[in-house]
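Values below: every heavy atom of this structure, side chains too, minus hydrogens, waters and symmetry copies.
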Amino acid sequence: MKKTIYLSALLCSSLFADADLDALKKQIEEQKISMQKLEEKLDVLSKKQANTPAVNTSASFSQNAYLPDIALILNMSAVSRDVKNSDYENFQIPGLINDDGISPAPLPFNKNRGFNLNYAEIAMHSVVDPYFQAYAYFHLQPNEFEIGEAYILTTSLSYGLRVKAGKFKSDFGRINAKHQHSWHFDAQPVIYETLFGPDGISDPGVQLQWVVPTDTYIMAGVEAMQGTNDKSFGDAEANNLYVGYIKSSVDVGDDLSILGGVSIAHGKNTTANATDVYGVDLTLREQLGSYSAVVWQSEYLYRNKDVGTRTDKQAGLYSELIYQYNNNYSAGLRYEAITKNETDLSSYAGIDTSNLDRYTAELEYKPFPMSRLRLSYTYDRTKIIAGERKNINEVMLSLNIAAGAHGAHSY
């Protein structure tokens, strides 16, 4: 009996051992199948990696993925004006431009009665690394090559801070920082032309901006610049220009946006005395539809310029209204005036130097966002031509083309 029990136990253990062995073999086969699938996936991933550019394994950032954006902007015009070119290039604005009547007035845009190639602009932008972006704008004009702007911009500072360094257009006011092809009108506002010249405030320097951490957008900025602009500054002994501003915007309802700002520029002029320029700007934009809007933009500038023997007090404004019917058509009106001109006007004896103002109306057609045709009429009462006050009529057709990768402009 005992022998029978032992034999039965041995037989059962043998059967269980065979069952465990079969289960183990089955698990091994399943593992082999899983390994084969993983190897196939690894092979696919390896082939994909071989077809992509190499990445710098020493850091998570690769500049190869950020090639520069490059754009070409062409601006040209055809002008009809009831003043000869030789007389127009020597125009005067009493107490503000070309008081000696000898030096040619600065006319980089739309100079000639007839045809003008105003400029070709090459714009470049690139991400440098996780901390900086680089921008450069080169202006090619018929007789001049100019570095319009070339600067770096930080991208990773804390507390809403941002630094810009290089040569750049100041964020003084509303229109100063914009390039000519992004203006609503082809001509620079008279008050900017007289106080800052055709380039506006544009200099080597450094800028610090801070976006206040509030629900309402508030930005404060300060700039230290070289101050080479001799219309209001120009002391060449050291950097002399300092700019400060506060800007804000609010949305009223779903369709109305209001932007405003106050600015100040303080520096030394060519007599080594102080110049202060104050600015106030206001822009309202009412969105009427997907591609339709009304924009009202205005600025007022006031200057105190100490020239040693006296202090000139001069001021002016522009106000423009733009109606964008759709993404192809728009129309606009602009009024400009010199509102204060307390300076030495003795060289203009016998000439009416009051009521210096200008009116412009325009129609604009954009076949596509990168091309623009603009027809405008201007009635200009700001200029002295050949020793006489001259009311000028001007009709202009301008064409602007942008080719390549070019960032959008603010309205």
Side-chain angles (χ1 to χ4, degrees), residues 83 87-107 172-176 185 187-201 227 229-235 241 262-271 273-282 297-320 334-360 378-394:
V83 179
D87 291 336
Y88 190 75
E89 68 182 11
N90 291 303
F91 77 81
Q92 299 168 272
I93 297 181
L96 291 160
I97 289 182
N98 192 18
D99 270 342
D100 58 16
I102 299 172
S103 306
L107 290 167
F172 178 98
R174 175 69 174 154
I175 202 173
N176 187 82
F185 292 79
Q188 185 182 26
V190 169
I191 189 59
Y192 268 91
E193 180 184 11
T194 54
L195 298 192
F196 300 135
D199 292 329
I201 302 178
N229 185 316
D230 59 6
K231 294 296 297 178
S232 288
F233 311 106
D235 184 358
L241 176 57
V262 293
S263 305
I264 181 172
H266 170 79
K268 290 186 176 182
N269 55 56
T270 53
T271 67
N273 294 297
T275 296
D276 292 304
V277 183
Y278 308 92
V280 179
D281 62 271
L282 178 66
Q297 177 177 310
S298 303
E299 287 193 66
Y300 176 80
L301 273 62
Y302 183 97
R303 179 176 74 177
N304 285 331
K305 184 178 180 180
D306 183 356
V307 295
T309 57
R310 66 179 189 275
T311 298
D312 295 340
K313 299 179 182 295
Q314 295 157 308
L317 61 84
Y318 75 88
S319 185
E320 57 191 38
R334 182 164 78 178
Y335 171 72
E336 310 167 60
I338 303 299
T339 59
K340 181 186 279 294
N341 198 12
E342 296 180 6
T343 185
D344 181 11
L345 299 174
S346 58
S347 60
Y348 299 96
I351 300 175
D352 181 12
T353 59
S354 63
N355 300 317
L356 301 175
D357 53 20
R358 185 166 70 181
Y359 306 81
T360 304
T378 300
Y379 182 60
D380 188 352
R381 305 197 307 163
T382 66
K383 294 177 174 59
I384 307 295
I385 302 291
E388 297 181 1
R389 179 78 176 266
K390 173 72 174 177
N391 296 336
I392 302 171
N393 295 279
E394 178 185 273

More than 12 heavy atoms of other residues, nucleotides or ligands under 6.0 Å from NZ of Lys268: yes or no?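 No, NZ of Lys268 has 12 or fewer neighbouring heavy atoms, counting only those of other groups under 6.0 Å.
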Grab the two heavy atoms, one from [X] and one from [Y], that are nearest each other, plus how far apart they are.
X: Asp306; Y: Arg310; result: OD1-O, 3.5 Å
X: Lys305; Y: Thr275; result: CG-OG1, 3.4 Å
X: Arg389; Y: Asn355; result: NH2-O, 2.9 Å
X: Tyr300; Y: Ala315; result: OH-CB, 3.4 Å
X: Ala274; Y: His266; result: CB-CE1, 4.0 Å
X: Ile93; Y: Thr382; result: CG1-O, 3.5 Å

Kindly say whether [Y] contributes a backbone atom to a donor-acceptor pair with the side chain of [X] at under 3.5 angstrom?
X: Asn229; Y: Gly200; result: yes
X: Ser298; Y: Leu282; result: no
X: Ser319; Y: Tyr335; result: no

[atom1]/[X] to [atom2]/[Y] distance, rounded to the nearest 0.5 angstrom?
X: Asp281; Y: Ser263; atom1: CG; atom2: OG; result: 6.0 Å
X: Arg358; Y: Leu356; atom1: CZ; atom2: CG; result: 11.5 Å
X: Leu345; Y: Leu96; atom1: CG; atom2: CG; result: 8.5 Å
X: Asn90; Y: Ile384; atom1: CG; atom2: CD1; result: 13.5 Å
X: Lys313; Y: Thr343; atom1: NZ; atom2: OG1; result: 11.5 Å
X: Asn393; Y: Lys390; atom1: CG; atom2: NZ; result: 8.0 Å

May I ask you to test the [X]-[Y] pair for a side-chain heavy-atom distance under 4.5 Å?
X: Asn341; Y: Thr353; answer: no
X: Phe91; Y: Val83; answer: no
X: Phe196; Y: Gln188; answer: no
X: Pro189; Y: Ile175; answer: yes
X: Gln314; Y: Arg303; answer: yes

Passing option when Tyr318 is tested against Arg334, Glu299, Arg174, Glu336 for side chain to side chain donor-acceptor pair (under 3.5 Å):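 Testing Tyr318 for a side chain to side chain donor-acceptor pair (under 3.5 Å) against Arg334, Glu299, Arg174, Glu336 leaves exactly one candidate, Glu299.
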With no hydrogens and no angle check, just 3.5 Å: does a side-chain donor-acceptor pair link Ser346 and Asp344?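 There is such a pair (donor and acceptor under 3.5 Å, judged by atom type) between the side chains of Ser346 and Asp344.
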Strictly by modelled atom types, are Asp230 and Thr270 linked by a side-chain donor-acceptor pair under 3.5 Å?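 No, no side-chain donor-acceptor pair sits under 3.5 Å.
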Please assess Ile191 against Ile338 for the test side chain to side chain contact (heavy atoms under 4.5 Å, CB included), listing each intermediate value before the final yes or no. CA-CA 7 Å; Ile191 189 59; Ile338 303 299; 4.1 Å; yes
Pair Tyr278, Ile264 - check side chain to side chain contact (heavy atoms under 4.5 Å, CB included), show working. CA-CA 5 Å; Tyr278 308 92; Ile264 181 172; 3.4 Å; yes
Using side chain to side chain contact (heavy atoms under 4.5 Å, CB included), reason through Lys383 and Tyr88 one step at a time and then give a plain yes or no. CA-CA 9 Å; Lys383 294 177 174 59; Tyr88 190 75; 3.7 Å; yes
Apply the test side chain to side chain contact (heavy atoms under 4.5 Å, CB included) to residues Thr339 and Tyr302: give CA-CA distance (whole Å), side-chain angles for both, the deciding distance (0.1 Å), then the verdict. CA-CA 9 Å; Thr339 59; Tyr302 183 97; over 6 Å; no
